[in-house]
Amino acid sequence: QVLLVESGGGLVQAGGSLRLSCVASGRPFSTHRMGWFRQAPGKEREFVAAIGWDVRTVYYADSVKGRFTMSRDNGKTTVYLQMNTLKPEDTAIYYCAAAGDSGSLYAQSTYDYWGQGTQVTVSS
């Protein structure tokens, strides 16, 4: 079992920045691949970013590429999502998720554990 707790969400003006954190507890953190997803009001949950065991292997959705940066600190069992140049369309609940060693990191079905989410609101 893995418990994931997100933090760092809030209200920010367009063009601003936020950094989300997700602390994991339970099974060894370094054995999990990690992802961030988001769900805007009235929309399906969508992939944002993911990172493998190797901190150099990071994947991004096209909509956030160049603006968001995902990283992990295995010593702190934490993943981060640095979000810069935020846009109103980035408004959503952001979820952290943990996956095992198989499956596409772009697919929600790959992930076994999910956090409760943190709200990000970007005003225009």
Side-chain angles (χ1 to χ4, degrees):
Q1 188 75 14
V2 176
L3 177 64
L4 302 172
V5 180
E6 303 99 332
S7 62
L11 173 64
V12 64
Q13 288 188 331
S17 299
L18 283 174
R19 188 175 83 153
L20 305 184
S21 300
C22 172
V23 179
S25 60
R27 295 178 61 186
F29 179 71
S30 60
T31 66
H32 287 88
R33 301 177 296 165
M34 302 296 294
W36 286 98
F37 289 76
R38 67 186 182 186
Q39 187 168 21
K43 294 188 176 181
E44 299 281 325
R45 189 159 58 182
E46 64 176 6
F47 170 82
V48 175
I51 191 167
W53 305 281
D54 180 348
V55 299
R56 295 169 297 181
T57 306
V58 190
Y59 308 91
Y60 297 99
D62 288 343
S63 59
V64 307
K65 203 171 292 183
R67 300 187 298 122
F68 290 12
T69 302
M70 184 175 183
S71 60
R72 69 187 294 165
D73 184 335
N74 288 340
K76 295 183 178 180
T77 67
T78 302
V79 291
Y80 304 96
L81 185 67
Q82 177 67 43
M83 306 186 294
N84 298 329
T85 320
L86 283 161
K87 304 174 181 179
E89 51 264 43
D90 294 318
T91 295
I93 299 173
Y94 283 71
Y95 297 91
C96 171
D101 57 4
S102 63
S104 168
L105 286 173
Y106 294 93
Q108 295 183 53
S109 59
T110 294
Y111 295 82
D112 303 310
Y113 305 100
W114 293 82
Q116 82 290 348
T118 185
Q119 176 71 48
V120 171
T121 303
V122 184
S123 63
S124 57

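Side-chain atoms are counted along with the backbone in the values below, which use heavy atoms only and exclude waters and symmetry mates.
- Transitive grouping of hydrophobic side chains (ILVMFWY, heavy atoms separated by less than 4.5 Å) brings Val48 and Leu18 into a common cluster.
- Pairs passing the disulfide bond (SG atoms under 2.5 Å apart) check and including a residue from residues 51-99, sequence neighbours excluded, read Cys22-Cys96.
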Legend entry - Working for side-chain contact (heavy atoms from CB on, under 4.5 Å), residues Gln116 and Glu6: CA-CA 7 Å; Gln116 82 290 348; Glu6 303 99 332; 2.8 Å; yes

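- Side-chain contact between Leu105 and Tyr111: present, with at least one pair of heavy atoms (C-beta onward) separated by less than 4.5 Å.
- The cluster map of Ile, Leu, Val, Met, Phe, Trp and Tyr, joined by side-chain heavy atoms under 4.5 Å apart, puts Ile93 and Leu20 in different clusters.
- Smallest separation of non-hydrogen atoms from Thr85 and Ser17: N-OG, 4.3 Å.
- A continuous path of hydrophobic side-chain contacts links Val58 to Val79 [ILVMFWY only; heavy atoms under 4.5 Å].
- Contact record, Thr78 with Ser21: CG2-CB, 4.3 Å, taken as the closest heavy-atom pair.
- Every pair passing ring-ring contact (aromatic ring centres under 6.0 Å, His included) that includes a residue from residues 49-72 is listed here, sequence neighbours excluded: Tyr59-Tyr106.
- The backbone N or O of Ile51 sits nowhere less than 3.5 Å from a side-chain atom of Arg33 that would complete a donor-acceptor pair.
- When all heavy atoms of Ser30 and Asn74 are compared, the pair lying nearest together is CB-ND2, 4.0 Å.
- Although no hydrogens or angles enter the test, the distance criterion places a donor-acceptor pair under 3.5 Å between the side chain of Thr110 and the main chain of Ser104.
- Applying the salt bridge (Lys or Arg N to Asp or Glu O under 4.0 Å) rule to pairs touching residues 72-89 yields nothing, sequence neighbours excluded.
- Contacts of Arg45 classified as side-chain hydrogen bond (donor to acceptor under 3.5 Å, both in side chains), with partners at least two apart in sequence or in another chain: Gln108.
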What donor-acceptor contacts under 3.5 angstrom involve side-chain atoms of residues 117-124, with partners at least two apart or in another chain?
from: Thr118; atom 1: OG1; to: Gly9; atom 2: N; distance (Å): 3.2
from: Gln119; atom 1: NE2; to: Ala92; atom 2: O; distance (Å): 3.4
from: Gln119; atom 1: NE2; to: Thr121; atom 2: OG1; distance (Å): 3.3

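- Annotation for Ala24 and Val2: closest pair CB-CG1, 4.3 Å, computed over non-hydrogen atoms.
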Quiz: residues 34-43 side-chain donor-acceptor pairs under 3.5 angstrom, not counting sequence neighbours:
from: Arg38; atom 1: NE; to: Glu46; atom 2: OE2; distance (Å): 2.7
from: Arg38; atom 1: NH1; to: Asp90; atom 2: OD1; distance (Å): 2.9
from: Arg38; atom 1: NH1; to: Tyr94; atom 2: OH; distance (Å): 2.9
from: Arg38; atom 1: NH2; to: Glu46; atom 2: OE2; distance (Å): 3.2
from: Gln39; atom 1: NE2; to: Lys43; atom 2: O; distance (Å): 3.1

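- When the side chains of ILVMFWY residues are joined at heavy-atom separations under 4.5 Å, either directly or via intervening members, Leu4 and Trp114 end up in two distinct hydrophobic clusters.
- Partners of Asp101 under the side-chain hydrogen bond (donor to acceptor under 3.5 Å, both in side chains) rule, at least two apart in sequence or in another chain, do not exist in this structure.
- A search for side-chain hydrogen bond (donor to acceptor under 3.5 Å, both in side chains) contacts involving Ser7 returns nothing, not counting sequence neighbours.
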